[in-house]
Amino acid sequence: MQTLESLLSGAVAQAVQAVFNKTIDPASVVFQQTNPQFEGDTTLVVFPYAKAAGKNPEEAGKMLGEYLQAHIADVESFNVVKGFLNLVISNRFWMANFIEASQNESFGTVAPTPESPLVVVEYSSPNTNKPLHLGHVRNNLLGYAVGALLQAAGNHVKLVNLVNDRGIHICKSMLAWQKLGNGETPESSGMKGDKLVGKYYVEFDKHYKAEIAALLANGKTQDEAEKQAPMMTEAQEMLRQWEAGNPEVKALWEKMNAWVYAGFESTYKAMGVRFDKFYYESQTYLLGKSIVEEGLQSGVLQKRTDGAVILNLTAEKLDQKVLLRSDGTSVYMTQDLGTAVERRKEFPFQKHIYVVGNEQEHHFKVLKIALAKLGHAWADGLHHLSYGMVELPEGKMKSREGTVVDADDLIASMEAEAFALIEEKGIDKDMATAEKEKLAHQIGMAALKYFLLKVDPKKKMMFNPKESIDLQGNTGPFIQYTVVRIRNIWRKSGLTALPAFPATVTVHPKEKELLKLLDQFPAVIQNAAANYSPAVMAMYCYDLAKTFNQFYDLHDVLHETNQDMQHFRMVLIKRVANAIEMGMAMLGIEMPERM
RNA sequence: GGUUCCGUAGCUCAGUUGGAUAGAGCAGCUGCCUUCUAAGCAGCCGGUCGGGGGUUCGAAUCCCUCCGGAGCCGCCA
């Protein structure tokens, strides 16, 4: 299979040499999409070459076009508009690629070999003191999709989750439950475990605030009140007890964490994400100290006069970073250093992706530099996939103000909306309720996932809870609908295998558009993976679906009387469905049989 | 104070390393179901690409500056 670029870039370099007597690097030759209002399949911008040759662009374009047409059989014709050389590529070229691709069920993906790089993707990484919300949903969907894209692009991928199961925040929930819970359990309350624990986290905050108010009324300063409030001092004491291994505290911690995990598991299942391995901070938070000690020995790190161990990053314009407190205890960074080193021993990765919000950009920048300075060359392969926050019309989600969009609620509302639409469309006549619910889940999740993944991960995005997510237009369900249309045609055709057709079959313009789009699929996978951007794949699938629907409106498949043409179309639409299915699967989105 | 990112149609977003008359969806208005599922297709409406300079044959894209918004710079996580 030959790509358009490989066909042309060398030839352009030759043409420039032959026509203008200038030497250029074939790799520097770039093509762009031809403006739809002109004829052509690809376009060369000739300004740079015209300038070098001292010709006017129009004339230079004509000379290059003539050379290419004479020397490359698949360059059928050309036209020059201003400085743009539009090349028309023969149907033979597109058809040959198409036929080759249609033989291969997994066309576009690259199967990893034993030599392929190993990439670890760490994502989700929730705290165990409250339920998952919309921000976590974006994180989870991104992490899963990026993993799938990297895999499709030919990497070995491990998906891991580092659960933050310890610390003061968990102790807050534990303390509030102990004081106010009256032994309430998920069973007794009928609440999901993570919701129950989250409820006590809120309770803690409520009581803590009340205590602060009381202390302020007694003349304490804000700072004193916050530090002296009994809820806080008791939570801190509980954390000390936890670290000291107090059996009662540990038992409570294990009990409540187990509730949370059961809750998370059901949310993960609904989202369709998975992990190859879970890590828990309770088991990793002490890592890293020895690394800091070594760094001190080797002189990379310094001990400050107050006893704290620091990494001096003033040369990088980043200040200094404390890695061990003056009392010898570790900070978050210490733990992350240790975790990274251990992780690398366990999985000798070429790349390690951290899917974490952009508020931690500074942290990961420092982490990478610190590891490199400590002599770990592999630190170069660490990458912070820094995604933007999901914002509401009134700004950031704030748990204290009750504006947090709960993940389970959101999923349920999407399913309900899809369910209502299924009934409204009346496609549910012969469907059992369970089947309808499954379909509603598929459609609702497609809408939600596509909504969150179609936006460039790096950018912050807006979600308005008052307006439900669309099911029409540039959406997941629209793309699903496209595949369902194709499956429907195939079902009715009665065919089970790809029919044969001659490569010389007539190709209409809309069909050629589809051939060209399908030809891009492998490059889209590579592009999306290289940029860690599911949005690239989402847009491609939309383009393909949109173009198919235009084709569907223009041309009939089942009623086409010319058999060669019908067979070609059957294969064409099969390939369209196949590419969309694969691409959407990389986004974690399923395609239903009917809708 | 230092630093990073963002500002494109009423709303949500695309716009490859600078390239042709800046594109989609939603919302609004028109058409198209006796023909493979209308969650579709076609059309209309909608823009001083935050403002102003500069570089360039060419700028939404690069540089400077101003305005507006967000993040980070902790012996928190």
Side-chain angles (χ1 to χ4, degrees), chain A residues 28 30 32-35 37-38 43 45-48 50-51 56-57 81-84 86 127 164 166-169 281 285 304 306-310 317-319 321-333 335-336 357-363 365-366 386 388-389 391 393 395-396 418 421-422 424-425 427 443 447 451 454-456 458-464 467 469-482 484-486 488-493 527 531 535-536 538-539 542-543 545-546 548-560 569 573 594-595:
Chain A
S28 73
V30 286
Q32 65 181 51
Q33 285 218 309
T34 303
N35 187 314
Q37 63 198 298
F38 302 115
T43 293
V45 180
V46 298
F47 290 105
K51 201 173 181 183
N56 77 58
V81 182
K82 293 194 238 172
F84 299 88
N86 303 317
N127 291 351
N164 186 358
R166 65 162 287 281
I168 189 70
H169 45 291
E281 289 199 5
Y285 80 107
R304 222 160 50 185
D306 62 2
V309 178
I310 56 134
K317 294 172 145 187
L318 287 172
D319 249 342
K321 177 70 196 172
V322 171
L323 296 181
L324 280 182
R325 298 190 183 100
S326 45
D327 66 1
T329 57
S330 56
V331 294
Y332 192 60
M333 184 64 76
Q335 180 188 147
D336 268 9
N358 61 13
E359 60 211 345
Q360 293 199 38
E361 266 170 19
H362 183 256
H363 176 81
K365 203 182 212 174
V366 172
S386 166
M389 297 291 107
E391 289 178 7
K396 284 179 75 171
L421 190 56
I422 290 166
E424 187 191 317
K425 299 269 172 195
I427 61 155
I443 295 173
F451 177 83
K454 77 171 173 182
V455 181
D456 183 341
K458 292 193 285 287
K459 296 191 177 172
K460 67 172 193 265
M461 64 182 298
M462 177 64 70
F463 175 78
N464 189 342
E467 299 167 7
I469 294 173
D470 284 326
L471 302 177
Q472 279 157 14
N474 186 358
T475 67
F478 166 83
I479 296 169
Q480 288 178 316
Y481 181 73
T482 307
V484 166
R485 276 182 150 177
I486 295 172
N488 199 42
I489 294 172
W490 263 82
R491 200 179 303 118
K492 290 201 170 173
S493 78
N527 183 12
N531 292 298
V536 169
M539 283 186 285
Y542 174 68
D543 261 357
K546 176 97 185 148
F548 168 81
N549 280 311
Q550 292 166 338
F551 158 83
Y552 184 91
D553 220 55
L554 283 168
H555 304 292
D556 213 304
V557 180
L558 291 179
H559 303 107
E560 174 56 53
R569 287 181 184 161
I573 66 174
R594 308 170 44 188
M595 68 186 281

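A note on names: the letters A, B, ... follow the listed sequences, proteins ahead of strands, and every chain is numbered from 1.
- Summarising the geometry, the separation between CG on A:N474 and C1' on B:A24 is reported as 7 Å, rounded to the nearest angstrom.
- Rounded to a whole angstrom, the distance from the C1' atom of B:A59 to that of B:C41 is 36 Å.
- Look at the C1' atom in both B:U17 and B:U21: the space between them is 24 Å, to the nearest Å.
- A:L323 comes within 4.0 angstrom of no nucleic acid atom, judged by non-hydrogen atoms across all strands.
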Pairing string, 5' to 3', for RNA chain B - Watson-Crick or wobble contacts under 3.5 Å, brackets [ ] where pairs cross, | to another strand: (((((((..((((.....[...)))).(((((.......))))).....(((((..]....))))))))))))....
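- With a 4.5 Å cut-off on side-chain heavy atoms, A:H555 and A:E560 do not count as touching.
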Base versus backbone protein contacts along nucleotides 12-20 of chain B [heavy-atom cut-off under 4.0 Å; B, S, -]: SSS--B-BB
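- Annotation: of the two residues near RNA chain B, A:V484 and A:E391, the 5′-most nearest-nucleotide partner is A:V484.
- Going from atom CD of A:Q472 over to atom P of B:A39 covers 7 Å, rounded to whole Å.
- The CZ-P distance, from A:F548 to B:C41, rounds to 11 Å in whole Å.
- Residues A:L318 and A:H362 form a side-chain contact, since some pair of their non-hydrogen atoms from C-beta on lies under 4.5 Å apart.
- Taking for each of A:F478 and A:M595 the nucleotide of RNA chain B with the nearest heavy atom, the 5'-most of the two is the partner of A:M595.
- Nucleotide B:C33 carries a syn base; the chi torsion (O4'-C1'-N9-C4 or O4'-C1'-N1-C2) is within 90° of 0.
- For the C1' atoms, the distance linking B:C64 with B:U30 amounts to 48 Å, nearest Å.
- Ring geometry for A:Y332 against A:H363 counts as tilted: the plane angle lies between 30° and 60°, on a 0 to 90° scale.
- Using the six-membered ring where Trp is involved, A:F478 and A:Y542 have ring planes that are tilted, between 30° and 60° apart.
- A salt bridge links A:D306 and A:R304; the closest N-O separation between the charged side-chain nitrogens and carboxylate oxygens is under 4.0 Å.
- Of all nucleotides listed (B:A38, B:C26, B:A42), B:A38 comes nearest to the side chain of A:Y552.
- Nucleic acid contact for A:D556: base, since at least one base atom lies under 4.0 Å from a heavy atom of the residue.
- As a whole-Å value, the separation of A:N549 CG from B:G25 P is 12 Å.
- Scanning both residues, A:P477 and A:L471, for their nearest heavy atoms gives CB-O, 3.6 Å.
- Nucleotides B:C11 and B:A27 are separated by 8 Å at their C1' atoms, to the nearest Å.
- A straight line from NZ of A:K546 to P of B:A39 spans 14 Å, rounded to a whole angstrom.
- Going from atom CD1 of A:I489 over to atom C1' of B:U35 covers 13 Å, rounded to whole Å.
- Nearest heavy atom pair, residue A:N86 against residue A:T43, reads OD1-OG1, 2.6 Å.
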Quick one: what's the B/S/- string for nucleotides 72-77 of chain B, heavy-atom cutoff under 4.0 Å, read 5' to 3'? SSSBSB
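- Taking both residues in full, the closest heavy atoms of A:M333 and A:L323 are given as CG-CD2, 3.5 Å, listed atom of the first, atom of the second, then distance.
- Proximity of A:F84 to A:V45: side-chain heavy atoms (C-beta onward) are separated by under 4.5 Å at one or more points.
- One interatomic measurement links the two molecules: CG of A:N464 to C1' of B:G10, which rounds to 14 Å at whole-angstrom precision.
- Residue A:I443 is classed as a base contact, given a heavy-atom separation below 4.0 Å to a base.
- For the pair A:I573/A:W490, a side-chain contact is recorded, criterion being any heavy-atom separation below 4.5 Å from C-beta on.
- Shown here for A:T482 and A:A545, the closest heavy-atom pair between the two residues is OG1-CB, 3.5 Å.
- Under the 4.5 Å side-chain criterion, counting only non-hydrogen atoms from C-beta, A:V557 is not in contact with A:Y552.
- B:G47 and B:G23: their C1' atoms are spaced 11 Å apart (whole Å).
- Comparing B:G54 with B:G10, their C1' atoms are spaced 33 Å from each other, to the whole Å.
- Taking every heavy atom of both residues into account, A:S330 and A:L324 meet most closely at CA-CD2, 3.9 Å.
- In this entry the distance linking NZ of A:K365 with P of B:C5 reads 9 Å, nearest Å.
- When the P atom is compared between B:A22 and B:U65, the two are found 30 Å apart, to the nearest whole Å.
- The separation of B:U56 from B:A9, taken at their C1' atoms, amounts to 29 Å, rounded to a whole angstrom.
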